[in-house]
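A short write-up of the structure that comes next.
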Protein chains: 2
Amino acid sequence: MSRWGMAARTDALSRERIVSAAIAMLDDTGETGLTFRALAARLTTGPGALYWHVANKGELLAAATDAVLAGALAADATEQTPQHAIRTAAVGVFDAITAHPWVGAQLSGLASPSAVREVFERLGRQVQALGVPPSALFHAASALLNYVLGVAAQHAANARAVEPGTTRPAILEAESAAWTGLDPAAYPFLHTVAGELREHDDREQFLAGIDLILTGITAQNGPCAS
Amino acid sequence: MSRWGMAARTDALSRERIVSAAIAMLDDTGETGLTFRALAARLTTGPGALYWHVANKGELLAAATDAVLAGALAADATEQTPQHAIRTAAVGVFDAITAHPWVGAQLSGLASPSAVREVFERLGRQVQALGVPPSALFHAASALLNYVLGVAAQHAANARAVEPGTTRPAILEAESAAWTGLDPAAYPFLHTVAGELREHDDREQFLAGIDLILTGITAQNGPCAS
DNA sequence: ACCTGAACACCGTTCAAGT
DNA sequence: ACCTGAACACCGTTCAAGT
C-alpha cells in the first residue's frame, strides 16, 4: 500500500459530490445552466462518467431537491402549538425555495414524490394535532399543501423569467406599473391593489395565506362554522 | 379573378391555425410531443415557416394557454353571490386544466402573465365584492390564486409522470398503497388518510379547498375573527 | 468497478434561397 | 410577404474502449 493509500481521493466521483455540484450549479446558473456537459466539466470528467452514479437528469434533480428539502425540514417542532408548527414547516419550505428557486419548480412539478410526501406529512400531522376531525383532515391538509406548492411554482417561475441581475423590488415595481396602466373599468381589482403589490413583503404575504387557511380550518370545525 | 378567388386557402398558414394545431398536439401527445418539426409536419410545411407567425416556442405555448383560458373564463358571473362567482371562476380554471393538463404547467409557470392576471382579477374582484376591507384584500385574493396555481401545477405534473394510458383511479390506488406501506410511527398522517386518497374526487377536493379559504377570508373579517 | 469521450438521436432556431 | 429546408448550436444519453 502506498503512502497515500489511506487518503481519500478528493477528486473521486461519487453520488454526493455530483449532487452537491449540481446544487451549486443550479444556484448560480439557474435551471437552464445545469447540463451534463457543464457539470462534468466542473467535476473535470466526461459526461458519461456521471451516468455511473445517477440514472438520468430527472433523478439528479430529484436528489438535489431532496437534499435541499431535508435541510429545510430539519427542525421538527415538537414543543410548539400546532399552528406554530405548521407555520414553521411552511416557512421552512418557503425559505428553501427563496434560497434555491429551482427547488420550487421541482417540488411543484412533483419531481420528487418523496419530498412532497414529507411536506404533506409534516403539515397533515399538525392539522391532525389541531383537532380537525378525520372527515375534514384530508381536505384541510391538502389545501395547505396546494397553497405551498402554488407559491413554490411561482417563485421558481419568477426566478426563471428575469435576467439574473434583476432585483425583486424592480420586478414588483414593473408589475405594479403594468397593473396601474390597465383599464380601471376592466380591471378594478388589479388597479386597486397595484400599490400594495409594490410595497408587499413576499414572506409576510406567504404567511398571511397560511394563516388564512388555518383560520378557515379552525372556523369550519369550530363554533362559527356555517 | 379565378373561380376560387374568394375561397380562403384552408391550408394557408396563420397564427390561429398554428396555435390551434399546437393545442391539439399538446392534448394528444403531451408537453413533450409538441416540437416545431412535428407541428410543421402536421401543417405540411417546414419548421422555419412557423417562425414567421410566432416568435418562439415560449410565445406559442403562451398563446395556446391564453386561448384555452379565454374559453374557460368566458362565463362572467354577474348575477351570483361573490362566493358562487369565485367557485365558478376557480372551477373554470380547474376544468380547463383537467381537459388540458399542460395548461396547468404553463399557468403555474407564469408562461402567460396576462392569463394569470386575468385569473387574479376574476378572483380578486369577487373577494372585493365579499366586503373584504382593502387592507386584507390583496392577501385574501393572493391566497386563492396561489391555491389554484398549486393545484394546476400538480395536475400537470401528474399528467406528465404517468404513461398516457394510465387511469386516474389506478394512480390513486398506487399512491394510496405507497402511503399504507409507510411506517405508521414515522408517517402517522399519511397512514391515516391513505384510504381517503383512494376514494376522493379531485374536483370535490379542489372545491373544498376553495371553500376552506373562503371561510378563512370571511371569518377573519367577520364576527368570529380572533 | 469505474471512467473516458466520441457518437447518436434528438431539440429550438436561423437564414439564404426561393415564390 | 410568405414559405422552404438545410444547417447551426446545442441538448440528454449511450457505449465501445480503456484503466
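Letters A, B, ... are given to chains in the order of the sequence lines, protein chains preceding strands, and every chain is numbered from 1. Just so it is clear, the values below take in all heavy atoms, side chains as well, and ignore hydrogens, waters and symmetry mates.
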[atom1] of [X] versus [atom2] of [N]: gap in Å, rounded?
{"X": "A/Leu61", "N": "D/dC11", "atom1": "CG", "atom2": "P", "value": "15 Å"}
{"X": "B/Leu43", "N": "D/dG5", "atom1": "CG", "atom2": "P", "value": "14 Å"}
{"X": "B/Leu60", "N": "C/dC11", "atom1": "CG", "atom2": "C1'", "value": "15 Å"}
{"X": "B/Leu39", "N": "C/dC11", "atom1": "CG", "atom2": "P", "value": "12 Å"}
{"X": "A/Phe36", "N": "D/dT13", "atom1": "CZ", "atom2": "P", "value": "6 Å"}
{"X": "A/Arg17", "N": "C/dC3", "atom1": "CZ", "atom2": "C1'", "value": "13 Å"}
{"X": "A/Arg15", "N": "C/dC3", "atom1": "CZ", "atom2": "C1'", "value": "18 Å"}

Exercise for the section: Compare all side-chain heavy atoms of B/Asn158 with those of B/Arg168 and state whether any distance is below 4.5 angstrom. Expected result: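 In contact.
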Practice task
Taking only the side-chain heavy atoms of B/Leu13 (C-beta and beyond), determine which of D/dC3, D/dT13, C/dT13 contains the nearest atom.
Solution key: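 Closest of the options to the side chain of B/Leu13: D/dC3.
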Handout entry: Among C/dG12, C/dG5, D/dG5, the nucleotide that comes nearest once only the side chain of B/Lys57 is considered
Key =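 Out of C/dG12, C/dG5, D/dG5, the nucleotide with an atom closest to B/Lys57's side chain is C/dG12.
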Between [X] (side chain only) and [Y] (backbone N and O only), is there a donor and an acceptor less than 3.5 Å apart?
{"X": "B/Tyr147", "Y": "B/Phe206", "value": "yes"}
{"X": "A/His155", "Y": "A/Ala152", "value": "no"}
{"X": "A/Arg17", "Y": "A/Ala12", "value": "yes"}

Exercise for the section: Could you grab the distance from atom CZ of A/Phe36 to atom CD1 of A/Ile18, nearest 0.5 Å is fine? Expected result: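 The distance works out to 8.5 Å.
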Handout entry: Atom pair CD (A/Glu173) and CG (A/Leu197), whose distance is rounded to the nearest 0.5 Å
Key =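 The distance works out to 9.0 Å.
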Practice task
Give a yes/no on whether any side-chain N or O of B/Trp52 is located under 4.0 angstrom from OP1 or OP2 of D/dC2.
Solution key: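 Yes, such a contact exists.
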Problem - Residue whose nearest DNA chain C nucleotide is more 5′ - B/Leu34 or A/Ala49 - result: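 Nearest nucleotide further toward 5': that of A/Ala49.
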Exercise for the section: Please tell me which of B/Tyr51 and A/Leu50 maps to the more 5' nucleotide of DNA chain C, matching each residue to the nucleotide holding its nearest heavy atom. Expected result: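 Per heavy-atom nearest nucleotide, the more 5' residue is A/Leu50.
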Handout entry: SB check B/Arg122 B/Glu118 (cutoff 4.0 Å)
Key =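 Yes, charged N to carboxylate O under 4.0 Å.
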Exercise for the section: With pairs defined as Watson-Crick or G-U wobble and both distances under 3.5 angstrom, please note down DNA chain D as a dot-bracket string, | for pairing with another strand. Expected result: ||.|||||...|||||.||
Problem - Along DNA chain D (nearest heavy atom to each residue), the more 5'-positioned of B/Ser14 and B/Arg37 - result: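 With B/Ser14 and B/Arg37 compared, the 5'-side residue is B/Ser14.
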